[in-house]
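The structure displayed is predicted, hence computed values, not measured ones. Note on naming: letters A, B, ... go to the chains in the order of the sequence lines (proteins, then strands), and numbering restarts at 1 for each one.
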Amino acid sequence: MLEKNYTPKDFEEKIYADWETSGDFKPDMRSNKDAFAIVIPPPNVTGILHMGHALDNTLQDILIRYNRMLGKKVLWQPGTDHAGIATQMVVERNLAKEGKTKHDLGREKFIETVWKWKEHSGGTITKQLRRLGASCDWSRERFTMDEGLSRAVRKIFVSLYKDGLIFKAKKLVNWDPKLGTAVSDLEVVQKDTLGKMYYYRYPIEGSDSEYITIATTRPETMFGDTAVAISKDNEKLKHLIGKNCIIPIINKVIPIIADEHADPEKGTGAVKITPAHDFNDFEVGKRHNLPLVNILNPDATLNENTPYEGMTTQEARAKTIEELTKLGLMDKIEDHPMVIPYGDRSGVVIEPLMTDQWFVDAPTLAKEAMRVVENGEMEFVPKSYEKTYFEWMRNIQPWCISRQLWWGHQMPIWYGPDDTIFCEENEEEALAAAEKHYGKKVELRRETDVLDTWFSSGLWAFSTLGWPDKTEYLDTFYPTSVLVTGFDIIFFWVARMMMMSMYKMKQVPFKKCYIHGLVRDEKGQKMSKSKGNTVDPMATIEKYGADALRFFMAAMETQGRDINLSEARIAGYRNFATKLWNAARFGEMNECRLDASYNPKNAKLAVNKWIIAKAQEASKEVTENLNSFRFSDAANAVYQFVWGSFCDWYIEMIKPILYGENEADKAETRATFAWVLDRILIILHPFMPFITTELWNNTSERSVKLIHAAWPENEQIDEQAMKEIDWAIDLISEIRSLRSEMNIPASAKLTVYLKGAEEKSKQHLSQLDKIICTLARLESIGAYEGEITPDMVQGVFKESTLLLPLKGVVDFKAEKERLKKELDNLNKYLEGYERKLSNPSFVERAPAAVVEEERRRQSEAKENKAKVEAALERIANF
RNA sequence: GGGUGUGUAGCUCAGGUGGUUAGAGCGCUACGUUGACAUCGUAGAGGUCACAAGUUCGAGUCUUGUCACUCCCA
């Protein structure tokens with residue numbers, strides 16, 4: 001027996017545990033159908049589930065469950081990312097609580113500590129994914145630092161290095177002074193800030209009175225200046241080009257050069273050039289062969305090349321201004337809107353810094369990655385994201401992959417005594433290579449840098465399937481079917497996976513890439529911890545059930561749009577689950593059990609034929625929409641069918657049968673009900689896996705689990721079977737509407753006549769009069785050919801006229817108002833039809849069918865108008 | 001500055017290739033009958049589809065422009 005109330009908490013976790021322990025998430029490798037695979041975007045091992053994950057993983061689970069029910073070999077490959085910076089920060093923070101730093105432990109011990117942390121606290125998010133219902137094959141869970149995946153990383157690295165696609169270079173990179181590491185362009189966020197523009201003068205060499213005034217936002221970097229630039233088109237200043245000027249305080253002589261970087265319209269037209277601390281200046285320096293002077297330590301304090309060694313940039317800035325003022329060289333300070341780079345993890349100001357770093361030749365790898373999108377081997381859904389992808393790929397820069405961290409994949413690079421580089425997959429091979437190179441055994445020193453986390457996630461699509469080994473899973477599931485992720489991750493991850501996969505596998509990592517939007521708060525604001533507007537999916541699941549949250553995500557997911565979280569709506573989908581629950585209880589109470597001998601094709605009763613056809617129609621819609629990633633349309637198709645067709649109409653219509661005496665009709669109806677409920681559970685299962693399973697397990701005897709039940713395919717829908725009941729529904733709605741408008745009490749049982757009904761309508765009427773009477777609360781309904789009398793309220797129903805004899809209780813005032821309103825409406829439509837049909841070019845040029853339809857409507861409206869006018873006429877004197 | 005979206009009912013949003021009277025959920029109004037469900041039912045109100053011009057027999061849908069906002073990249 002089903003409980004009276006729907007309480008998801010009672011069964012969700014129990015059902016999940018059964019799936020997992022029974023191995024229901026493992027692919028059926030014996031299936032002779034296609035393979036379908038998704039690799040999960042690996043959440044950070046430090047992560048906790050947020051609404052974005054809930055959306056992303058709900059969509060993936062829907063696709064996975066749908067394809068599993070289609071009988072394919074289905075793999076959802078799960079795992080987590082070691083998340084270099086994020087994880088290291090978490091562990092360092094814990095150490096700080098004990099008053100320790102990572103240096104107190106040393107590298108080896110620290111890494112050990114991180115692993116321990118991972119074992120104890122790293123599984124939070126995967127537990128939460130289970131709560132959401134994600135049907136990942138957890139027996140295959142991977143971690144980017146697993147031995148297998150690490151081997152893949154080393155292998156790819158060595159391969160790229162030997163192909164000349166990884167190189168070491170001293171370059172200006174984004175340096176995070178807090179973390180003490182280089183970061184990639186993508187890990188830097190540019191923030192608009194109101195800063196200051198400082199105007200001050202550099203004396204011209206060999207002149208007592210001449211100066212050049214420069215404008216800068218960072219005066220403290222002047223000790224690293226190696227030139228001042230002026231545009232050669234700058235009429236006012238170009239006479240200074242070729243002369244030298246003197247950096248005050250340190251009295252260093254630097255040249256004044258001509259370069260287009262100096263915009264005559266901006267500032268003073270003269271720009272100080274600091275090639276070691278500014279990306280633009282670096283380019284200028286390259287053009288003019290300027291020396292590079294580094295003025296910063298790795299922690300962003302000033303170094304020995306400045307007079308302010310040890311000061312922070314802020315302190316040095318104040319000091320510099322003070323000194324310049326004393327020297328009488330400061331002109332003015334203005335407010336100046338500017339953009340300042342911050343580290344997205346550390347939150348501190350990023351400094352461009354000259355350091356030795358390792359780079360991947362991304363521009364070369366991007367070529368293949370672009371080609372396969374151009375020729376459609378990999379398709380973005382929605383397609384418009386192609387543009388974003390191409391735009392980024394076309395302008396891609398070498399990718400800085402080295403990080404000065406401890407937690408991560410240490411680069412497989414060894415240095416010989418003379419710094420010769422040996423890049424091999426392990427130390428033995430490196431030693432062997434060195435011995436060959438030097439002609440003797442030598443000691444090697446390993447590169448201490450680790451790799452950018454995205455390097456290993458770039459291999460995710462094939463490393464998780466077993467590469468570099470040749471495995472059955474790699475054979476079966478690569479390339480994977482679809483990747484589901486947010487647009488914010490296209491550059492970080494999608495692009496890198498495309499590059500790495502094309503480089504090594506020569507095949508796309510996934511055939512399609514479905515991109516969804518962001519989950520925002522109720523007001524459309526981005527959710528963030530700092531704003532305090534985050535909503536915890538676990539709390540939502542606790543309150544409304546995982547199914548309600550999942551259905552919300554699916555129903556709100558329309559291509560190319562963000563989702564605003566709405567608790568009212570989630571509650572609405574919980575109500576939907578309740579509705580289904582109660583419908584199943586209704587079936588249970590009326591002994592609607594699945595009947596093995598039942599075939600829906602043999603149903604005889606109109607209501608049953610109708611609901612079967614509707615169910616098949618809904619199945620088809622869900623299927624088509626899921627095939628084209630139209631999640632909201634798919635979800636709404638089930639919703640409308642369950643609530644609108646099944647609960648609102650079908651259940652109401654079969655009550656007289658189930659409560660009646662005709663045993664044959666009863667039996668057919670019970671079996672049909674059970675069949676339809678079954679169908680609902682099947683097509684709803686991908687969206688609401690828990691409630692559907694709970695009902696599946698508790699309504700009838702089953703030979704197969706719902707998670708493996710067969711999805712309906714290629715059904716013949718009996719369109720004809722829908723017409724009769726649709727006709728009755730229209731009629732009932734019309735009668736209800738009339739009753740309501742005429743303020744007829746719900747309890748009053750009426751008699752209704754149809755005048756002027758065609759033969760077909762009369763047939764419907766006699767077959768369905770019981771249903772119509774029950775649902776419209778009538779005493780009786782029948783055809784009528786007598787005169788219409790003034791005490792009959794009159795409605796228009798298709799070709800016929802609907803008559804409600806009210807025997808002296810007609811509210812004539814209400815009736816007149818109603819009829820007048822009706823008349824106004826008809827006149828409005830008639831005007832529209834008239835306008836169209838009197839336009840000769842419409843009649844000539846529009847397709848015949850459209851014109852014909854318009855004529856039909858016009859004549860129908862004319863007939864209705866005549867009826868309404870007659871009715872008004874009849875009661876004019878009352 | 002470059003690029004990309006978005007603007008439809010009080011609110012949150014649907015409306016693949018142009019063709020009935022533009023839909024849903026929530027909210028609102030009125031009513032509510034014994035039995036699946038008040039986490040419900042029935043009926044109803046509410047929209048000049050941001051604005052302007054254009055293409056077309058016909059535009060929420062296509063084109064251009066304007067305004068407002070979002071996001072991405074500089």
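Atom CZ of A/Arg520 is separated from atom C1' of B/C69 by 11 Å (rounded to the nearest Å). Rounded to a whole Å, the CD1 atom of A/Ile490 is 13 Å from the C1' atom of B/C73. Following rounding to the nearest Å, A/Arg855 (CZ) and B/G19 (P) show an atom-to-atom distance of 21 Å. Computed from coordinates, the A/Lys836 NZ to B/C57 C1' distance equals 9 Å when rounded to whole Å. When rounded to the nearest whole Å, the span between CZ of A/Arg818 and C1' of B/A43 equals 13 Å. Atom pair A/Asn5:CG and B/U39:P shows a separation of 10 Å (rounding to whole Å applied). B/A22 atom P lies 7 Å from atom OH of A/Tyr829, rounded to whole Å. In this structure, A/Glu860 atom CD and B/U21 atom C1' are separated by 12 Å, rounded to whole Å.
In terms of phosphate contacts, A/Trp643 brings a side-chain nitrogen or oxygen within less than 4.0 Å of OP1 or OP2 of B/G41.
Distance from the side chain of A/Lys821 is smallest for B/A45 among the nucleotides B/A43, B/A45, B/C73.
A salt bridge links A/Glu351 with A/Arg218: at least one charged nitrogen is closer than 4.0 Å to a carboxylate oxygen.
Both A/Arg856 and A/Tyr6 lie close to RNA chain B; mapped to their nearest nucleotides by heavy-atom distance, the more 5′-ward contact belongs to A/Arg856. In this structure, A/Tyr833 and A/Gln640 both approach RNA chain B, and ranking their closest nucleotides by distance from the 5' end singles out A/Tyr833.
With both ends at atom C1', the span from B/G60 to B/G19 equals 13 Å, rounded to whole Å. The separation of B/U64 from B/G3, taken at their P atoms, amounts to 14 Å, rounded to a whole angstrom. Taking atom C1' on both B/U55 and B/G18, the two are 12 Å apart, rounded to the nearest angstrom. Taking the P atoms as reference points, B/U66 lies 22 Å from B/C71, given to the whole Å. Spacing of P atoms, B/C49 relative to B/U21, comes out at 15 Å, to the nearest Å. Straight-line distance between the C1' atoms of B/U61 and B/U6: roughly 15 Å, to the nearest whole Å. Spacing between B/G41 and B/A36 at atom C1', rounded to whole Å, works out to 12 Å. Taking atom C1' in both B/A22 and B/G5, the straight-line distance is 23 Å, to the nearest Å.
Nucleic acid contact for A/Pro745: none, since no nucleic acid atom lies under 4.0 Å from a heavy atom of the residue. Note on A/Arg835: nothing from the nucleic acid sits closer than 4.0 angstrom, heavy atoms only.
The partner of B/C51, taking Watson-Crick or G-U wobble pairs whose two distances both stay under 3.5 Å, is B/G65. Pairing for B/A14 is absent, judged as Watson-Crick or G-U wobble with the two contacts each under 3.5 Å. In a base pair of the Watson-Crick type (N1 to N3 plus N6-O4 or O6-N4) or a G-U wobble (N1-O2 and O6-N3), with each distance short of 3.5 Å, B/U4 is matched with no nucleotide. Checking B/G44 for Watson-Crick or G-U wobble geometry (two distances, each under 3.5 Å) identifies B/C28 as its partner.
In this structure, the ring of A/Phe646 has its center less than 6.0 angstrom from the ring center of A/Phe673. Between A/Phe492 and A/Trp392, the distance separating the two ring centers is not shorter than 6.0 angstrom. For A/Tyr573 and A/Phe687, the ring centers are positioned 6.0 Å apart or more.
Donor-acceptor pairing under 3.5 Å is lacking for the side chains of A/Asn590 and A/Tyr659. Remark: the A/Ser184 side chain and the A/Glu187 side chain contain an N/O donor-acceptor pair separated by less than 3.5 Å.
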Checklist entry - Can you give one letter per nucleotide of nucleotides 3-17 of chain B, 5' to 3': B if a protein heavy atom sits under 4.0 Å from the base, S if only from the sugar-phosphate, - if neither? => result --SSS----BSSSB-

Checklist entry - With the sugar-phosphate defined as primed atoms, P, OP1 and OP2, and the base as all remaining atoms, what B/S/- string results for nucleotides 27-38 of chain B, 5' to 3', for protein heavy atoms under 4.0 Å? => result ------B--BB-

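In terms of the ring pair (Phe, Tyr, Trp, His ring centres under 6.0 Å) criterion, residue partners of A/Trp581 (sequence neighbours excluded) are, by chain and number, A/Tyr6, A/Phe11.
Counting heavy atoms from C-beta outward, A/Lys655 and A/Thr774 have side chains that stay 4.5 Å or more apart. Under the 4.5 Å side-chain criterion, counting only non-hydrogen atoms from C-beta, A/Glu522 is in contact with A/Ser566.
Counting non-hydrogen atoms of neighbouring residues, nucleotides and ligands closer than 6.0 angstrom, the CD atom of A/Glu869 exceeds 12 such neighbours.
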Next on the checklist: One pair to check against side-chain hydrogen bond (donor to acceptor under 3.5 Å, both in side chains): A/Asn627 and A/Tyr66. What are the steps and the verdict?
Outcome noted: CA-CA 10 Å; A/Asn627 286 343; A/Tyr66 163 58; 2.7 Å; yes

